[in-house]
Every structure is written in structure tokens, then in C-alpha cells.
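Here the structure comes first, spelled out in C-alpha cells, and everything after it is commentary.
We number each residue from 1, following the sequence as shown.
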Amino acid sequence: MGPLPEINRRELIKRAMAAGLLAAPMTAALSSCAASGSTGPRPVEAGQGSKAPGNPLGVNGSAPLEVVVFDGGLGVEYVKKAEADYRKAFPDTKLTHVATQDIQTRLQARFVGRTPPDLVDNTGAHSLPTAALADHGQLTDLRTLLAAPSCDDPAVTVSETLIPGVAEKGRFGGPEIWTLNYAYTVFGVWYSKSLLRKHGWEYPRTWDAMLRLCAEAKKAGIAGWTYAGTYPYYLQWTLYPFIAKIGGADVLTAIDNLEPNAWRHPAVKQAFEAYHELAAKGYVLRSTPGLNHIQSQTAWTKGKALFVPNGTWVETEAQATTPRGFEMTMAPASGLDASDAMPFETLWAQVGEAFVVPRDAKNPQGGMELLRRMLSKEVAQQFTLASSSLTTVRGAADGLDLPSGLASAATALTAAGSNIVSPRTDWYQNLNREKIAGLIGEMMADRLGPAAAITAIQRAADATAKDPTVKKYHH
């Protein structure tokens, strides 16, 4: 991941709309097996292939296929595995694979110019604003893919092989499914079990216990926390479920819905004050505000800090610096106290790694077919073992020998039961990544007090709510 560009993404798309570059209407209807009213992909330039057995989407086997994948903590080997399967099925195709950490810079002009790739993993700090792309007709409705037979069992549709919530996360205000998220990520507080055991410490379940432990760690020359200071949205993955624990999940729903004064809820105030206390008491590694995700994770694996907020991919991403016997472990964010509205086990888990098939792709059938092959159990299992992350393929991790971090996340997920929150920070990407996260980062760097941070965030949320050019979404 890298820093977000200074260009306002929404404004750039508005300019492109004004120039008439993003106004491509959708044409061909989906097959009858998809939900009524959906619109589908354009035919490939070389002509659509026949829907023979093994080719339910009618891929033209001679048409080129271009794939652009985000090269982050989850790696790209699972995509390459599916690409190898695709080449075997369609040996006459020319398949181009590009891995990048900067989706926006590489593809923004191509979307505007109507020459996008056939499949894009639109993920990372430099991703394109998915909601805006969907709103302006730049993506292909994936319901035809979800209605297709799965690779493992032709009697079962792709949709039926996925965990609940995948389709819902791909919708942006209508019945169409614009994205298909591949990973199922569990977010939480990560620590070394062996380090805590060495000092006789236990993971804190309440905030008073967290502060006491951080004080003990400081005496031992260890910081309590570090995080990706240059990408402070990492903090949201533990701060938001902390808010929900204190005040209930409805607090996050109100925030998602841009409701007036949602950020002024007492639970937000208590959570911000608690997190700020970490900074005010010197429990955050001093260099943290200037560290990126790799640098903060390295400081953590080297024992300079006890805790880091992160997702399940961190086990693979930090593998090179993780010493033997580290016993990487994930736990839910600590609660506040016994008055919490939700239990300690509450955590943020959601589907992620959003794949899209651009509306103007030359070979959208090929893009969807590659996705179909990625959703086979064989590829999903390879992904889990290689990335230490779960997938959205139902039961794909069953029976696998999971590494310690992912095993602890799976245990935490089971313990959470229905106490899962999944804030829609993707609805208003500019607001969340560039404004809210930045203000939280300023607070955690002790350059802004909790009250001032909340006021500024509420002001930014209100401005988005009142902006007529921003499409609104609601739970």
C-alpha cells in the first residue's frame, strides 16, 4: 500500500463525466438464469463463444484476456493458479497478467478512455472509488457469474458456494452486483503470545486492563501499540468495533448512513478518549506517526511494541521479519468495561479484495470466467495456505492445517458468532480514507484532542451528506 494521492477522486470522475467519457450505457441483457432487470457485459470484440459444457459463460477461447491485480499482503499466486487453469481450458488465448500496488494511477486514465482491462482487483490504498464507478455505469453486473454453475459441482451455482454477505457487499444502492470480494478478512489486535507469556501478561479484555498492561510494558522498555501511521485507516479496524461494543452496532449504522450527530454519540466520545489516552500517556511507539504498514509491522515483530491493529493478511505480509516462536495471535479489540452493549468477542470481519469486471472490457466473459475458476475450492485453499487469510468460498479452509495467526482469527470468528460488525467505509471512500482516517491519525499522534477530532469528523460527514453530487447509501 502507499499514500493516497492529493487528487480528489470524486472530482476527477465528475470532470470525466462532464467530458462525456464515462457515460457508456449498458446494453446486452443477462442470461435468463440471472435476476430480472439486470444488464450485462458487452460482447468481446472477436465475438462471443458458445456456451458448451465447461464454458457456461460463453467465453471466446481466442480472445485475449488482460488481468490487473493488486499486489499486497495477500499476494497474487492464487490468481496465477486460476490463470493457469484458464490457459489450459482456452489454449489459444493471450493472457496478460499485471501486478501493481497502485491501481488508480495505472487504470484511471484507461477507465476514462474506455480501454480498461478485463478483470481488476480494485484494492489497496490506491484503489479506484468503486461506488463512483458503479454509479457511473463503469462496471459489469456480476449476477450472471453468480448464477453460473460452479467449477466444483455443475449442479451448484457460484452464488451457492459463497459465504453469506458476498452479494450484499457488491451492491451499491440497487439489485446489481458490481463487485465480487474474494477474501474474508478478520480484523483485530495482533500480538505475540510468547512475548506476553514471557512477561507473565495476559491479553486485556477491558480498557483499564489495557492501560495497566501498557504501563507495565513501558517499564520494560516496550511500547504498548504501533500502527501504520501514514495509513491511519488501519486504526479504524479496532476502533470501530470498540465503538460498537460500547454503544451497540446501531452507532456504526448511523455513521454509515451519515445521520446528523452520529459522530457525537457518547460511545464515540468514550472510544476516542480511550484511544487518545494511549498517545497521551506515551504508550504508542514514538516513531509510529511516520511509519508505513511494513515499518510498523516490522517494529512489532521485533518486539518494540506489544500490539498492532491489522487484518489476517499480516501473518504473510510480516513473515520475513517474524522470528521463530513468535506465536502470532489475533484477539478482538478490548472492551471498555462491564457496561458495554456488546460482548468482548465482538469484532470486525468482512469480505474484501474486490474484483470488478469493467463495463468497457473487451473480454468481460473471460474476466468472469477467470473469477469463476478462482472460486474453486482448490484455488481457494491455495490462497488460504499462501496468504494466511480466509476466502469467501464456503468451507474452503475446512481441514487445513492453519498457521497460528489465522487459526487464532478463525477461533475468534467462531467465538464472535453473530457479534460481527462490518462498517461500510467503502460507500464514501474519500470521506473515510482521506478525511476521517486522517483526523483519527492526528488524534493518535497527539496533535488533536478527541473532542476536536470528533467535531471535525462530524463536519466532514455533514458536508458529504449535504453534497448533491455524492450518491447516498443507506442500510
Side-chain angles (χ1 to χ4, degrees), residues 69-85 121 123 145-146 149-153 155-170 179-191 193 237 241 310-319 322 326-332 345-355 370-422:
V69 186
F70 173 65
D71 189 6
L74 299 178
V76 299
E77 293 307 312
Y78 67 108
V79 181
K80 290 182 177 180
K81 164 62 178 168
E83 288 171 350
D85 294 343
D121 176 7
T123 305
L145 165 63
L146 295 179
S150 66
C151 288
D152 296 314
D153 184 349
V156 176
T157 66
V158 170
S159 178
E160 290 169 335
T161 69
L162 304 178
I163 63 173
V166 178
E168 287 74 10
K169 189 64 183 287
T179 70
L180 198 153
N181 289 272
Y182 192 81
Y184 188 47
T185 302
V186 184
F187 299 103
V189 180
W190 291 76
Y191 64 95
K193 183 179 288 187
W237 297 329
N310 222 311
T312 37
W313 66 79
V314 69
E315 191 162 25
T316 296
E317 196 168 60
Q319 187 174 20
T322 304
F326 190 78
E327 295 183 59
M328 193 175 289
T329 306
M330 193 220 78
E345 290 78 13
T346 302
L347 47 76
W348 183 345
Q350 69 178 30
V351 296
E353 208 75 7
F355 282 82
L370 182 58
L371 264 177
R372 191 176 78 93
R373 291 172 182 273
M374 287 167 54
L375 293 167
S376 70
K377 270 198 174 179
E378 181 182 2
V379 176
Q381 287 177 342
Q382 177 176 312
F383 170 87
T384 293
L385 292 174
S387 67
S388 288
S389 291
L390 303 172
T391 70
T392 54
V393 178
R394 191 191 305 266
D398 293 351
L400 296 182
D401 185 14
L402 303 179
S404 65
L406 185 56
S408 68
T411 298
L413 191 61
T414 299
S418 62
N419 295 302
I420 301 293
V421 296
S422 184

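In this structure, CZ in Phe355 is found 9.0 Å from CG in Leu180, a value given to the nearest 0.5 Å. Here the CG atom belonging to Leu375 is positioned 8.0 Å from the OG1 atom belonging to Thr391, to the nearest 0.5 angstrom. Taking OH of Tyr184 as the start and OG of Ser389 as the end, the distance is 12.5 Å to the nearest 0.5 Å. Cys151 contributes atom SG, which lies 11.0 Å from atom CE of Met374 (distance to the nearest 0.5 angstrom). Separating the CH2 atom in Trp190 from the CZ atom in Phe326 is a distance of 10.5 Å, to the nearest 0.5 Å. The distance from atom CD of Gln319 to atom OG of Ser387, rounded to the nearest 0.5 Å, is 11.0 Å.
Under the 3.5 Å distance criterion, the side-chain polar atoms of Thr316 are matched with a main-chain donor or acceptor of Ala386. A distance-only check finds no donor-acceptor pair linking the side chain of Thr312 to the backbone of Thr185 [under 3.5 Å]. Judged by distance alone, with hydrogens and angles left aside, the side-chain atoms of Asn181 form no donor-acceptor pair with the main-chain N or O of Lys169 at under 3.5 Å. Judged by distance alone, with hydrogens and angles left aside, the side-chain atoms of Thr384 form no donor-acceptor pair with the main-chain N or O of Gln381 at under 3.5 Å. Here the side chain of Ser422 pairs no donor or acceptor atom with the backbone of Gln350 at under 3.5 angstrom.
By the side-chain hydrogen bond (donor to acceptor under 3.5 Å, both in side chains) test, Glu77 is found to be paired with no residue, residues two or more places apart in sequence or in another chain being considered. Residues satisfying the side-chain hydrogen bond (donor to acceptor under 3.5 Å, both in side chains) test with Glu378, not counting sequence neighbours, are Lys81. For Glu83, the side-chain contact (heavy atoms from CB on, under 4.5 Å) partners two or more places apart in sequence, or in a different chain, are Val67, Val79, Lys80, Arg87, Leu95, His97, Leu370.
Residue pairs meeting the ring-ring contact (aromatic ring centres under 6.0 Å, His included) criterion with at least one member in residues 387-420: none, sequence neighbours excluded. Listed by first and then second residue, the ring-ring contact (aromatic ring centres under 6.0 Å, His included) pairs involving residues 373-408 are Tyr78-Phe383, Tyr182-Phe383 (not counting sequence neighbours).
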Discussion item. What verdict does the side-chain contact (heavy atoms from CB on, under 4.5 Å) test give for Asn419 and Glu345, after you've listed the backbone C-alpha separation in whole Å, the side-chain angles of each residue and the deciding distance to 0.1 Å?
Written reply: CA-CA 7 Å; Asn419 295 302; Glu345 290 78 13; 5.6 Å; no
Discussion item. Let's go through Ile420 and Leu413 carefully: what are the C-alpha distance in whole Å and the side-chain angles of both, what is the deciding distance for side-chain contact (heavy atoms from CB on, under 4.5 Å) to 0.1 Å, and is it a yes or a no?
Written reply: CA-CA 8 Å; Ile420 301 293; Leu413 191 61; 3.8 Å; yes
Discussion item. Determine whether Val379 and Asp85 satisfy the following criterion, side-chain contact (heavy atoms from CB on, under 4.5 Å), listing intermediate values before the conclusion.
Written reply: CA-CA 10 Å; Val379 176; Asp85 294 343; 4.1 Å; yes
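Using cut-offs of 30° and 60° on the angle between ring planes, the pair Trp313 and Phe187 is perpendicular.
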For residues 393-406, run the donor-acceptor check on the side chains, cut-off 3.5 Å, and write out each pair with its distance to 0.1 Å, sequence neighbours left out.
from: Arg394; atom 1: NH2; to: Leu162; atom 2: O; distance (Å): 2.8
from: Ser404; atom 1: OG; to: Met328; atom 2: N; distance (Å): 3.4
from: Ser404; atom 1: OG; to: Met328; atom 2: O; distance (Å): 3.1

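Contact of the Thr123 side chain with the Leu74 side chain is not registered, since no non-hydrogen atoms from C-beta on lie closer than 4.5 Å. The side-chain heavy atoms of Glu160 and Asp153, taken from C-beta on, include no pair separated by under 4.5 Å.
Contact record, Thr392 with Ala183: CG2-O, 3.6 Å, taken as the closest heavy-atom pair.
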